[in-house]
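All remarks here apply to the structure that follows.
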Number of protein chains: 2
Amino acid sequence: MSLKHALLGLLAEGPASGYELTKRFELSLANVWSAKHSQIYPELRKMAAEGWLVAGEEGSRGRKEYVITDDGRAELRRWLVEVRPERAGRNESMLRVFFLWTLDPAEAVAYLEREAAAAHAYVERLTALDALVAWDESGADFMGRLALEEGLLIAQVQAEWAEWAAEQIRSGRDATTLTGRRRRPPTKRQR
Amino acid sequence: MSLKHALLGLLAEGPASGYELTKRFELSLANVWSAKHSQIYPELRKMAAEGWLVAGEEGSRGRKEYVITDDGRAELRRWLVEVRPERAGRNESMLRVFFLWTLDPAEAVAYLEREAAAAHAYVERLTALDALVAWDESGADFMGRLALEEGLLIAQVQAEWAEWAAEQIRSGRDATTLTGRRRRPPTKRQR
DNA sequence: GTAAACATGTAACAAGTTACATGATTGT
DNA sequence: ACAATCATGTAACTTGTTACATGTTTAC
């Protein structure tokens with residue numbers, strides 16, 4: 001249900017073609033939502049049929065540009081202020097943690113260390129992105145920076161948590177089973 | 001694709017019925033994965049057909065218990081150690097942030113404050129859960145506590161971030177042109 | 001007896017992915 | 001001329017949700 005609203009949100013910045021919107025999902029939105037062109041193109045037509053968009057002239061190479069309508073803006077606003085966000089997300093990485101006990105401790109540690117490395121790599125990707133993007137003073141870019149900051153914070157705690165968890169397993173095991181006492185994870189981050 | 005493996009992971013702890021597995025998704029796993037009984041029952045039959053599970057005797061009220069097989073355990077292990085986790089998740093709350101610039105600053109602040117409140121409430125739910133659960137010294141409970149800590153840390157930074165972001169908007173209102181530029185003309189995108 | 005919880009299932013639909021398929025324009 | 005990129009689309013399939021449908025056991 002969110003795809004429609006993600007598209008409305010992107011089109012609120014300005015008219016765009018399905019191709020451009022697909023790129024936006026791959027680039028700026030990749031971390032929070034994803035959609036393939038095969039889903040986007042039919043969706044745009046449905047949204048136009050609902051009156052949320054209008055299709056402009058066909059450009060070169062068959063390019064079709066969509067423009068958000070007032071109804072579309074109203075629907076975006078309604079979604080943002082009235083519809084309660086669906087907070088129960090799926091997180092495969094976190095799901096796996098529940099089942100790490102079925103592995104040998106060394107394998108579980110290896111898994112967590114890969115997770116920590118992935119989180120660190122993600123922090124670096126976001127940091128590079130922040131430096132790369134020519135942020136302007138628009139509201140969209142202002143919010144983009146806030147969102148980037150959120151992603152950065154979460155990736156940082158994930159890395160710290162994974163390292164801490166690996167250490168818990170390393171120090172809290174006997175020969176073959178994962179049993180042991182609990183320690184608090186790091187609670188302070190520094191930026 | 002992860003549903004099969006989530007079910008394998010739960011059944012690795014011991015035999016269970018579809019009904020019990022449904023409850024496990026609602027309770028302990030709700031935060032990281034979800035599945036309804038209408039998806040679970042057919043899935044269990046497919047998994048049994050693949051040889052990952054065997055269906056035991058029918059109990060009272062038509063209860064059907066499934067037991068994981070060695071093939072099932074091998075598949076769970078293969079998934080954990082060999083299959084690269086899908087890290088690109090969907091996060092509706094974070095998606096919305098990208099579009100907050102379309103709202104009035106006061107509405108955006110209200111949204112973020114609701115997010116902060118939700119994150120705080122979630123921290124409390126997890127803390128209560130931690131106190132409530134009769135953790136034993138099993139590997140599954142050891143990992144359950146690690147996973148809970150991860151959820152707690154992430155919820156805490158989300159709350160902190162949302163409060164910080166709300167403050168950014170409140171104080172940056174005049175400086176950052178969040179107002180007045182909401183309907184800026186289409187500019188070049190694509191980087 | 002009756003409500004709640006236990007217990008399983010199917011059908012219709014919506015959302016999302018992968019694979020197939022085509023053609024135009026730009027840069028080298 | 002060739003490759004890369006732009007640009008759109010459809011078909012088949014998988015995954016996930018909502019709604020419908022049914023019967024049993026336990027506790028009050």
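Naming convention: chains lettered A, B, ... in sequence-line order (proteins, then strands); numbering from 1 in each chain.
- Atom-to-atom distance recorded for A/Leu3:CG and A/Met47:CE is 7.5 Å, nearest 0.5 angstrom.
- Residue B/Arg90 places at least one side-chain N or O closer than 4.0 Å to OP1 or OP2 of C/dG16.
- In this structure, A/Glu43 places its CD atom 13 Å from P of D/dT10, rounding to the nearest Å.
- One interatomic measurement links the two molecules: CZ of B/Phe25 to P of C/dA7, which rounds to 17 Å at whole-angstrom precision.
- Spacing between atom NZ of B/Lys46 and atom P of C/dG9 amounts to 14 Å, rounded to whole angstrom units.
- A search for ring-ring contact (aromatic ring centres under 6.0 Å, His included) contacts involving B/Trp33 returns nothing, not counting sequence neighbours.
- Looking at B/Gln168 and A/Phe142, their side chains come closer than 4.5 Å, going by heavy atoms from C-beta outward.
- Around atom CZ of B/Arg87, more than 12 heavy atoms belonging to other residues, nucleotides or ligands sit under 6.0 Å away.
- Looking at which nucleotide of DNA chain C each of B/Glu20 and B/Arg45 is closest to, the 5′-most match is held by B/Glu20.
- Between B/Gln39 and D/dG16, a side-chain N or O to OP1/OP2 separation shorter than 4.0 Å is present.
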Walk me through whether A/Asp130 and A/Trp135 qualify under side-chain hydrogen bond (donor to acceptor under 3.5 Å, both in side chains).
CA-CA 8 Å; A/Asp130 192 14; A/Trp135 299 111; 2.8 Å; yes
List the steps and the verdict of side-chain contact (heavy atoms from CB on, under 4.5 Å) for B/Val109 and B/Glu113.
CA-CA 6 Å; B/Val109 165; B/Glu113 281 170 350; 3.7 Å; yes
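- For A/Ile40 and C/dA15, the CD1 to P distance is 15 Å, given to the nearest whole Å.
- Taking every heavy atom of residues 30-38 of chain B and every atom of DNA chain C, pairs under 4.0 Å involve B/His37, B/Ser38, by number.
- Between A/Arg61 and the phosphate of C/dT22, there is no side-chain N or O to OP1/OP2 separation shorter than 4.0 Å.
- The CD-P distance, from A/Glu57 to D/dT8, rounds to 14 Å in whole Å.
- The shortest distance between side-chain heavy atoms of B/Ile40 and B/Tyr19 does not fall below 4.5 Å.
- For the pair B/Tyr19 and C/dC6, the criterion of a side-chain N or O lying under 4.0 Å from OP1 or OP2 is met.
- Taking side-chain N and O atoms only, A/Tyr41 has a distance below 4.0 Å to OP1 or OP2 of D/dT8.
- In this structure, B/Glu58 places its CD atom 18 Å from P of C/dC6, rounding to the nearest Å.
- Between B/Arg63 and C/dG9 there is no side-chain N or O to OP1 or OP2 distance below 4.0 Å.
- Going from atom NZ of B/Lys23 over to atom C1' of C/dA4 covers 11 Å, rounded to whole Å.
- The separation between B/Glu26 atom CD and C/dA7 atom C1' is 13 Å, rounded to whole Å.
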